Trainee: 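Following this message is one structure expressed as structure tokens.
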Protein chains: 2
Amino acid sequence: MNMRRTTIKDVAEVAGVGVATVSRVLSGGSASPETRERVLTVAAQLDYRPSALGRNLRQQRSGGIGLLLPDITDTFYGRLADGVLACARSAGEPVILGATGDDAEREAELIGILLEQGVDRVIAVPSGDGETWTPTLRAGLTMVFAHRLAAGRDDVPSVLADDRAGVRTAVDYLTGLGHRRIAYLGGPGQEQRLAVFRQALGELVDEELIVSARGSRDSAYAIAAGLLQRRPDLTAVLAGGNLLGEAAVLAARELDLRVPRDMSLIMFDDVPWAELCSPPLTVIAQPAQDIGYRAAELVLRAGGRRPRSVLLPTELIVRGSCAPKGISRSPR
Amino acid sequence: MNMRRTTIKDVAEVAGVGVATVSRVLSGGSASPETRERVLTVAAQLDYRPSALGRNLRQQRSGGIGLLLPDITDTFYGRLADGVLACARSAGEPVILGATGDDAEREAELIGILLEQGVDRVIAVPSGDGETWTPTLRAGLTMVFAHRLAAGRDDVPSVLADDRAGVRTAVDYLTGLGHRRIAYLGGPGQEQRLAVFRQALGELVDEELIVSARGSRDSAYAIAAGLLQRRPDLTAVLAGGNLLGEAAVLAARELDLRVPRDMSLIMFDDVPWAELCSPPLTVIAQPAQDIGYRAAELVLRAGGRRPRSVLLPTELIVRGSCAPKGISRSPR
DNA sequence: CTGAAAGCGCTAACAA
DNA sequence: TTGTTAGCGCTTTCAG
């Protein structure tokens, strides 16, 4: 049952031409119309599928696209991955997926695997710092960062949501509602957003209200609960991602804080459940899918020269989780 | 900057041995202790990483695992994928991901890509019927189905959640609360669940209350809204997945149906937002991650002989979306 | 225990 | 326009 695969040699033989000709025809090289047709016919008859194995070895690269992201369980990254897949599929390229867990070491390990596989194009939501990516770049891979950057690696093009504008909008919205003690609930790799947050808030910043979780749900919850308990005087929080937002909602509920009466909440990343929540969550939507798609485009179209980076817009979607600052929270 | 990679030949040369010896040492073959050590040292010094390209061609297979699922955007599949990744990583195997969109044609296309890549192990949540998988099996690939089966392909081992028990539990719970007109909101590939649903319900079944959506959110919403409008007399619905559950909540809200007063809702698949919803959703939890992990184990451990299939337990998690059947719904 | 050599399927340089 | 040929890096006989 397990007969040998049809190879280029078989096709050549049956078509009565050399293997090189077959190769040429199949990759769109020059050939006389009649030869071309004959080869094509035979290839079809024999149901010939060129082996990527042979080609890869010869070309010293395996066409695929490596995709490294923190957590495929997070719908944001799920959507991002979906965008990459969509683009890759239209190009007929396989996608090799790896989850870094926001851990530099694991990231390095996965990079190792990709290198070993001869992958020469990588899209990454970087976790480690610039150092981690030195081997990749030295090996001459085409790289694109998505969603965030790696410290000290400005030589890698990227596709980002416009965090700057997003944070500004959120802060403006909140301050416009009269809030002054605004907290930021951050995740890994959000330095840039934090900087903007501080800047947008100006003299209102309170470093105690700026906290960061590690990647996990548990960590997010712990940080959120801690913050809310420690600083009952805060009146608004900006959550830097859907996991953080979820944690904030949960923690608030646990502490009997009513949203938005006792605390306004605005979350980065629009997710389906934001609408299901009560109250429905006001969010800064990010085009996760587009980010992935565009990143894949960049990494595929890269015809040698380094492509320009891309910045995609975010959007404030007002629902019901923010209210004007009213009476201060009732003491607990 | 782009110097040649270190090859096995380099290592052999520096270590003063033949390439075959290096190969043997690195793959744990026999070698004298001193040779072994010398080779290992040199390999480390040169930072030698064997190229999967060469090995793959030689062995006529690329180690990786192909993973085909309907939609990476759905957190259920996200968790499943995460399980696969976890297992694959511990085995050092790359995972090639493809999203079928629950479309047999796209599935076939992706299978083509995998075959071309020489992938010889694939885990799939099948969308097409048995036919789709004939080429894969004929090519001698190791296959495992996850989460559901392909019609007429009983020769492929699988890892499933115990749908039968899950549906029974849900139905028992609902009927125990006094519900009689119970609807089922299904998705693609849930024939088996439907059968159990009908069976568990016995003479209570009402075919008009059994509806199926295609994979998308929109389709799910349309189907759910249609059902609730068409049959205002139903008192409970069982949603066959988190997308369907989401749709049900949304549709109910749109029609001003209060859950659980006007309608009890129980959803397959526990997701984080189920707890955030109001009321929190009662669910049948499925071990998505485990399904993925176990599937990966099967496909990796498959030492030639076909492994046995696996059935994993589901769990009823009672929260607040189900209530005893009370006064019939107020007329609208 | 070890090395030489064949060859996996393909492409690209070269010759005709 | 075509065919011949030389490898890409690796594993695996097969001798020694």
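Since we're looking at a predicted model, the values are computed, not measured. Order of the sequence lines sets the chain letters (A, B, ...), proteins ahead of strands, with each chain counted from 1.
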Trainee: Rounded to whole Å, how long is the line connecting atom CZ of B:Arg5 with atom P of D:dC10?
Mentor: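 Going from CZ in B:Arg5 over to P in D:dC10 covers 7 Å.
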Trainee: Indicate, with a heavy-atom threshold strictly under 4.0 Å, whether B:Gly54 touches base, sugar-phosphate, or nothing.
Mentor: base
Trainee: Do NZ/NE/NH1/NH2 and the carboxylate oxygens of A:Glu297 and A:Arg294 come within less than 4.0 Å?
Mentor: yes
Trainee: What integer distance in Å separates B:Ile8:CD1 from C:dA4:P?
Mentor: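 Going from B:Ile8 (CD1) to C:dA4 (P), I get 13 Å.
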Trainee: Respond yes when some side-chain nitrogen or oxygen of B:Arg55 is under 4.0 Å from OP1 or OP2 of D:dT11, and no when none is.
Mentor: yes
Trainee: What is the distance from CD of A:Gln59 to P of D:dC8, rounded to the nearest Å?
Mentor: 15 Å
Trainee: Does C:dC1 have OP1 or OP2 sitting under 4.0 Å from an N or O in the side chain of B:Ser30?
Mentor: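 So the side-chain polar atoms of B:Ser30 do come within 4.0 Å of the phosphate oxygens OP1 or OP2 of C:dC1, strictly under.
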Trainee: Kindly give the heavy-atom pair with the smallest separation between A:Leu115 and A:Pro135, and that separation in Å.
Mentor: CD2-CB, 4.5 Å
Trainee: Between C:dG9 atom P and B:Gln117 atom CD, what is the distance in whole Å?
Mentor: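 After rounding, the reported distance stands at 16 Å.
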Trainee: Starting the side chain at C-beta, find the nucleotide from D:dT2, C:dT2, D:dT11 nearest to A:Ala31.
Mentor: D:dT2
Trainee: Could you state the CG-C1' distance from A:Leu46 to C:dG9, rounded to the nearest angstrom?
Mentor: 15 Å
Trainee: Under 4.0 angstrom, heavy atoms only, what part of the nucleic acid is B:Leu53 near: base, sugar-phosphate, or nothing?
Mentor: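 B:Leu53: no heavy atom of the nucleic acid under 4.0 Å.
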Trainee: Do the charged groups of B:Arg148 and B:Glu191 touch, with an N to O distance under 4.0 Å?
Mentor: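 Salt bridge: no.
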Trainee: Taking only side-chain nitrogens and oxygens of B:Thr21, does any of them come within less than 4.0 Å of OP1 or OP2 of C:dT2?
Mentor: no
Trainee: Round to a whole Å and report the spacing from CG of A:Asn56 to P of D:dC10.
Mentor: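 Atom CG in A:Asn56 sits about 14 Å away from atom P in D:dC10.
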Trainee: Using a 4.0 Å heavy-atom cut-off, does A:Gly16 contact any base of the nucleic acid, only the sugar-phosphate backbone, or nothing at all?
Mentor: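 Touches sugar-phosphate only.
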Trainee: How long is the line joining CD of B:Gln60 and P of D:dT12, in whole Å?
Mentor: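 After rounding, the reported distance stands at 12 Å.
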Trainee: For the pair made of CD in B:Glu116 and P in C:dG9, what is the distance, rounded to whole Å?
Mentor: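 Rounded to whole Å, this separation is 15 Å.
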Trainee: Working to the nearest 0.5 Å, report the span between CD1 of A:Ile123 and CG of A:Leu69.
Mentor: 9.5 Å
Trainee: Quick one: on DNA chain D, does B:Arg24 or A:Ala20 contact a more 5' nucleotide (nearest heavy atom)?
Mentor: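 Here A:Ala20 is the residue nearer the 5' end.
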Trainee: Does A:Glu109 come within less than 4.0 Å of B:Arg89, counting only side-chain N to carboxylate O?
Mentor: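 The answer is yes: the pair qualifies as a salt bridge.
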Trainee: Between B:Thr7 and D:dC8, is there a contact of a side-chain N or O with OP1 or OP2 at under 4.0 Å?
Mentor: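 Looking at the OP1 and OP2 atoms of D:dC8, neither is under 4.0 Å from any side-chain N or O of B:Thr7.
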Trainee: Base, sugar-phosphate alone, or nothing: which one does B:Thr35 contact when heavy atoms must sit under 4.0 Å apart?
Mentor: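 Touches sugar-phosphate only.
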Trainee: Does C:dT2 have OP1 or OP2 sitting under 4.0 Å from an N or O in the side chain of B:Ser32?
Mentor: yes
Trainee: So, is B:Ser23 near the phosphate of D:dT11, with a side-chain N or O under 4.0 Å from OP1 or OP2?
Mentor: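 So the side-chain polar atoms of B:Ser23 do come within 4.0 Å of the phosphate oxygens OP1 or OP2 of D:dT11, strictly under.
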Trainee: Does the pair B:Asp47/B:Arg49 count as a salt bridge with the N-to-O cut at 4.0 Å?
Mentor: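 Judged by the 4.0 Å cut-off on N to carboxylate O distance, B:Asp47 and B:Arg49 do not form a salt bridge.
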Trainee: I want to verify a distance call: between D:dC8, D:dT2, D:dC10, whose nearest atom is closest to the B:Tyr48 side chain?
Mentor: D:dC10
